[in-house]
**Student:** 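Please see the structure below; I have some questions.
In what follows, chains carry the letters A, B, and so on, assigned in the order in which the sequence lines appear, proteins first and then strands, with residues in each chain numbered from 1. Values below: all heavy atoms of this structure, side chains included; hydrogens, waters and symmetry mates excluded.
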Amino acid sequence: MPILNLLYENRDVQNIENLDVYEAHGGYQGLRRAVTLERQAVIDEIKTSGLRGRGGAGFPTWIKWNGLPKNFDKPHYIICNADEGEPGTYKDRELLLKLPHLLVEGMIVAGYACCGTAGYIYIRGEYVEPAWQIRKAIDQAYKQGYLGKNILGIEGFNFDLYVHMGAGSYECGEESALMSSLMGERGNPRLKFPHAPLPVIEGVWKSPTLVNNVETYCAATWIAKNSGAEYAKYGTERSKGSKIISVSGHVAKPANYEIELGTPLMELLKIAGGITGGKLKAVIPGGSSVQIRTAEQCEKINMDYESCSANGTLLGSGGFMAFNDKTDIVVLMRRTAEFYMHESCGKCTPCREGTRWIYKVLDRITSGAGRQGDIELLLDICSQIDGRSYCALGDAAAWPIVGAIKAFREEFEYWITHKRSPIGEDAVPPVPVVVNPLLTLTPA
Amino acid sequence: MAESETSNIREPLPAPAKERRFSAQAIAELEEIASHYPERKAACLPALWIAQREYEGYLPPPAIQEVADRLGLSYAEVEGVATFYTMYNLRKRGRHHLEVCTCLTCAVKGAYEVVHRLEKELGIHVGQTTADGEFTLSEAECLDFCGAATVMQVGDKYFTQLTPENVKQVIDQLRNSADYTPTKLADSLVKLLIPGSSETGGGSFAPKDLVNPAGPML
Ligand SMILES: Cc1cc2nc3c(=O)[nH]c(=O)nc-3n(C[C@H](O)[C@H](O)[C@H](O)COP(=O)(O)O)c2cc1C
Ligand code: SF4
Ligand code: FES
């Protein structure tokens with residue numbers, strides 16, 4: 001079964017965002033089960049489940065949970081990364097809106113397992129409507145004794161949960177930039193291991209800090225309720241369980257689909273109603289930061305971490321964008337480059353300058369002024385960002401461009417030689433004539 | 001168009017006067033929010049939201065100064081934060097700030113056509129505000145509701161599945177609403193942080209049409 005509704009089990013139940021309905025459908029049973037176990041046993045359940053972070057990097061969740069000191073010497077902070085900003089991804093939005101208690105419960109479970117004192121849900125500022133559902137869920141959970149002091153009547157089990165709203169910055173989704181932002185600073189990333197202690201030892205306010213994605217905590221709720229072994233029954237050898245994929249672009253039924261990891265890409269495409277407006281040309285399987293693949297390459301890809309990377313792309317955050325044969329890949333990459341240029345935090349030179357260079361060169365090509373050698377220039381700029389930037393945003397700005405040049409080199413060449421789109425008049429996206437006055441860039 | 005008309009860069013202003021605009025309620029909100037963190041500085045982002053509400057939807061230098069004073073931070077530090085995040089307005093915005101996503105999915109699904117239609121309809125370019133102060137038009141980076149492309153944010157609301165044809169309707173609807181959306185958005189973002197606010201009518205819930213006001217998507 002490719003569709004695998006674990007987290008989505010009760011998504012379509014009326015009023016599931018309300019505590020009483022959520023409880024009537026097995027809600028907070030995961031927490032109740034977790035507190036009957038030793039803290040370490042909960043972490044072991046997560047280990048057994050094979051759950052990997054759903055925010056993009058796919059890091060094994062249990063290693064983070066296990067890394068926090070197992071004592072109450074300092075306050076421990078449990079943070080949820082709900083700063084969803086990756087173009088193509090909108091799974092967290094729906095989880096916040098429809099299943100807010102699934103997240104709240106997962107964070108309380110993490111609070112229990114990791115000796116947490118307080119939690120923060122960092123929600124992107126634009127998500128006002130989803131954030132109200134979270135606010136309501138937290139208020140209800142306090143009333144019902146799932147949050148606050150002596151939770152479920154257990155002496156000394158205290159956990160507070162707060163909402164924190166972002167203010168418009170993709171970079172704040174990066175774990176360490178998120179921590180800066182939570183502490184009231186500009187959203188610049190912080191020095192990382194091995195040059196600085198891991199966040200689980202010294203994160204926000206020099207205290208042990210756990211940061212996980214919305215979907216990761218929601219999966220932890222499911223695991224706490226149904227056991228890690230149950231979760232590990234699904235998926236592949238190294239990619240266990242389910243993943244929510246946000247499908248958008250030229251498909252008949254764009255939506256979030258929860259699928260078993262390992263589902264063939266083409267099957268997911270079929271579930272989403274297939275391509276509209278032409279034939280399949282390309283897919284970006286995991287959000288704008290990952291490499292675009294041609295229709296032919298897509299045949300071989302399964303939606304799991306290993307198969308994606310074996311095929312030169314990444315599962316990322318699950319922002320699946322499908323494009324038909326009217327799509328102009330070069331113009332699309334120009335827009336991608338514009339995104340990273342806009343979102344670069346400016347802290348390090350390779351990314352701050354490099355993202356602008358990539359944009360300028362691509363803008364030059366799509367405005368019909370491309371020069372021979374521009375492709376090599378792009379590859380050269382990218383190679384100077386990739387692996388040399390302070391945080392992964394720089395890498396994420398370079399990968400899609402390199403990926404697109406590898407997969408669709410002839411389209412770049414066509415643009416440079418003929419000064420027009422290889423697709424023709426009705427290509428999408430059109431080369432924008434919108435002059436964004438915020439950008440005072442002159443052609444290089 | 002002069003550069004200063006369109007950009008989010010502030011006009012040079014004289015040294016900020018020590019203005020105080022936080023109401024008693026705003027101060028109470030700030031203190032409540034500050035108590036959620038071990039350090040007062042962490043209330044900087046929320047305090048800027050409060051300021052954006054109290055100062056008519058944007059952050060002139062006196063607003064920055066007031067936040068700095070109330071949190072015991074330097075002017076430069078707060079200015080640094082305010083200029084980092086795109087949702088803090090450094091210039092006054094129209095009564096409705098239209099932010100149209102033109103990122104990947106929206107771009108291939110016709111976002112630029114929507115932008116052009118809006119430009120024609122309102123007689124302004126992206127980055128400008130109409131003469132009557134009703135609308136400001138901006139391009140936005142991905143608003144992360146790509147399945148419902150084209151997406152537009154106006155204050156605390158998303159409008160989805162926009163096309164050049166239906167966007168006029170949205171404009172008319174906004175014209176007839178009494179809201180001043182930049183302050184309404186700031187107010188929501190403050191209330192969201194206050195425990196218990198969901199019960200005291202903080203949020204206007206309508207979970208049924210929250211998911212997608214425009215159609216059957218999702
Ligand atoms: C530029 C950038 C943006 C990111 N944005 C997000 C995001 O919006 N949401 C998210 O959960 N993780 C995001 N991440 C990944 C986080 O850094 C981090 O890996 C994640 O929050 C860890 O949670 P997980 O282990 O549950 O995936 C981003 C990373 C980078 C480099
Ligand atoms: S790579 Fe450098 S400039 Fe880019 S976002 Fe990260 S720290 Fe900032
Ligand atoms: S591309 Fe417009 S909402 Fe994501």
**Student:** Using non-hydrogen atoms and a 4.5 Å limit, figure out which bit of B:Ala149 sits close to chain A: side chain, backbone, both or neither.
**Tutor:**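 For B:Ala149, no heavy atom lies under 4.5 Å from chain A.
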
**Student:** Where on A:Cys172 is there a heavy atom nearer than 4.5 Å to chain B: the side chain, the backbone, both, or neither?
**Tutor:**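 Contact with chain B is through the side chain of A:Cys172 alone.
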
**Student:** For residues B:Cys146 and A:Pro87, report the shortest heavy-atom separation together with the two atoms involved.
**Tutor:**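 Between these two residues, the closest heavy atoms are SG-C, 4.4 Å.
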
**Student:** Would you say the side chain of B:Phe145 lies within less than 4.5 Å of the side chain of A:Glu126, judging by non-hydrogen atoms?
**Tutor:**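 Counting from C-beta outward, A:Glu126 and B:Phe145 never come under 4.5 Å.
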
**Student:** Might you work through the side-chain contact (heavy atoms from CB on, under 4.5 Å) test for B:Leu104 and A:Phe339, ending with a clear yes or no?
**Tutor:** CA-CA 9 Å; B:Leu104 304 188; A:Phe339 172 80; over 6 Å; no

**Student:** Step by step, would you call B:Glu141 with A:Arg335 a side-chain contact (heavy atoms from CB on, under 4.5 Å)?
**Tutor:** CA-CA 10 Å; B:Glu141 295 301 342; A:Arg335 186 62 185 88; 3.2 Å; yes

**Student:** Go through B:Gly155, B:Pro195, B:Cys44 and name the one with the most non-hydrogen pairs under 4.5 angstrom from chain A.
**Tutor:**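 Ranked by contacts with chain A, first place is B:Pro195.
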
**Student:** Where does A:Ser181 contact chain B at under 4.5 Å (heavy atoms): side chain, backbone, both or neither?
**Tutor:**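 It is both, since atoms from each part get that close.
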
**Student:** Check each atom of A:Ser246 against the heavy atoms of chain B and say whether the ones under 4.5 Å are side chain, backbone, both or neither.
**Tutor:**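 Contact with chain B: none, neither part.
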
**Student:** What is the ring orientation for A:Trp205 with B:Tyr37, classed by angle as parallel under 30°, tilted 30 to 60°, or perpendicular over 60°?
**Tutor:**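 Rings of A:Trp205 and B:Tyr37: tilted, as their planes differ by 30° to 60°.
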
**Student:** What are the two closest heavy atoms between B:Phe84 and A:Asn188, and how far apart are they?
**Tutor:**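 Closest approach of B:Phe84 to A:Asn188, heavy atoms only: CE1-OD1, 3.8 Å.
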
**Student:** What class does the angle between the rings of A:Tyr162 and B:His36 fall in, given that below 30° is parallel, 30 to 60° is tilted and above 60° is perpendicular?
**Tutor:**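 Parallel, since the angle between the ring planes stays under 30°.
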
**Student:** So which of A:His164, A:Gln140, A:Met321 has the largest heavy-atom pair count under 4.5 angstrom toward chain B?
**Tutor:**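 The option with the most such pairs is A:His164.
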
**Student:** Backbone N or O of A:Val128 within a donor-acceptor pair of the B:Asp156 side chain at under 3.5 Å?
**Tutor:**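 Flag not set: sc B:Asp156 to bb A:Val128 has no pair under 3.5 Å.
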
**Student:** If you count heavy-atom pairs under 4.5 Å between each of A:Gly125, A:Ser169, A:Gly88, A:Gly187 and chain B, which one has the most?
**Tutor:**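 Among A:Gly125, A:Ser169, A:Gly88, A:Gly187, the one with the most close pairs to chain B is A:Gly187.
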
**Student:** So which part of B:Glu113 gets closer than 4.5 Å to some heavy atom of chain A, the side chain, the backbone, both or neither?
**Tutor:**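 Contact with chain A: side chain only.
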
**Student:** Measure A:Phe323 against the heavy atoms of chain B and call it side chain, backbone, both or neither at under 4.5 Å.
**Tutor:**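 Contact with chain B involves the side chain of A:Phe323 alone.
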
**Student:** If you compare all heavy atoms of A:Trp132 against all heavy atoms of B:Ser197, which two are closest, and at what distance to 0.1 Å?
**Tutor:**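 It is CZ3-OG, 3.6 Å.
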
**Student:** Could you walk me through whether B:Cys142 and A:Glu86 satisfy the side-chain contact (heavy atoms from CB on, under 4.5 Å) test, starting with their C-alpha distance in whole Å, then the side-chain angles of each, then the deciding distance to 0.1 Å, before giving a yes or no?
**Tutor:** CA-CA 7 Å; B:Cys142 183; A:Glu86 179 85 1; over 6 Å; no

**Student:** Provide the closest heavy-atom pair for B:Leu45 versus A:Tyr122 in the form atom of the first, atom of the second, distance.
**Tutor:**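 For B:Leu45 and A:Tyr122, the tightest heavy-atom pair comes out as CD2-OH, 4.5 Å.
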
**Student:** Would you mind checking which part of A:Met165 comes under 4.5 Å of any heavy atom in chain B, side chain (CB onward), backbone (N, CA, C, O), both or neither?
**Tutor:**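 Both parts, heavy atoms under 4.5 Å.
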
**Student:** Indicate yes or no: does A:Glu129 engage B:Lys157 in a salt bridge with an N to O separation below 4.0 Å.
**Tutor:**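 Salt bridge absent between A:Glu129 and B:Lys157.
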
**Student:** Select one option (side chain, backbone, both, neither) describing which atoms of B:Ile33 are under 4.5 Å from chain A's heavy atoms.
**Tutor:**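 Nothing of B:Ile33, per the 4.5 Å heavy-atom cut-off to chain A.
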
**Student:** Is it the backbone or the side chain of A:Tyr170 that comes under 4.5 Å from a heavy atom of chain B, or both, or neither?
**Tutor:**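 When you check distances to chain B, no heavy atom of A:Tyr170 falls under 4.5 Å.
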
**Student:** For each of B:Ala42, B:Pro46, B:Ala140, tally heavy-atom pairs with chain A at distances under 4.5 Å, and name the one with the top tally.
**Tutor:**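 Most pairs with chain A among the choices: B:Ala42.
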
**Student:** With a 4.5 angstrom heavy-atom cut-off, is it the side chain or the backbone of A:Leu332 that approaches chain B, or both, or neither?
**Tutor:**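 Both parts, backbone and side chain.
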
**Student:** Strictly below 4.0 Å, N to O, side chains only: are B:Glu79 and A:Arg186 in salt-bridge contact?
**Tutor:**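 No.
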
**Student:** Is B:Lys109 close to chain A through its backbone or its side chain, or both, or neither, when contacts mean heavy atoms under 4.5 Å?
**Tutor:**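 Side chain of B:Lys109 only, per the 4.5 Å heavy-atom cut-off to chain A.
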
**Student:** So what's closer than 4.5 Å to chain A heavy atoms on B:Glu39: side chain, backbone, both or neither?
**Tutor:**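 Contact with chain A is through both the backbone and side chain of B:Glu39.
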
**Student:** Looking at B:Glu199 and A:Lys143, does any basic side-chain N land under 4.0 Å from a carboxylate oxygen?
**Tutor:**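 Counted as a salt bridge, because a side-chain N and a carboxylate O are separated by less than 4.0 Å.
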
**Student:** Which heavy atom of B:Leu192 sits nearest a heavy atom of A:Val163, and at what distance?
**Tutor:**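 That closest heavy-atom pairing would be O-CB, 3.9 Å.
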
**Student:** Side-chain contact, heavy-atom cut-off 4.5 Å: B:Asp144 with A:Arg93?
**Tutor:**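 SC-SC contact between B:Asp144 and A:Arg93 ruled out.
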
**Student:** Less than 4.5 Å to any heavy atom of chain A: does that hold for the side chain of B:Ser138, its backbone, both, or neither?
**Tutor:**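 The answer is neither part of B:Ser138.
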
**Student:** Considering all heavy atoms of both residues, which atom of A:Arg135 and which atom of B:Lys191 are nearest to each other, and what is their separation?
**Tutor:**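 Closest pair (atom of A:Arg135, atom of B:Lys191, distance): CD-O, 4.3 Å.
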
**Student:** Okay, side chain of A:Ser248, backbone of B:Thr105: is any donor-acceptor separation there less than 3.5 Å?
**Tutor:**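 Between the backbone of B:Thr105 and the side chain of A:Ser248 there is no qualifying donor-acceptor contact (under 3.5 Å).
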
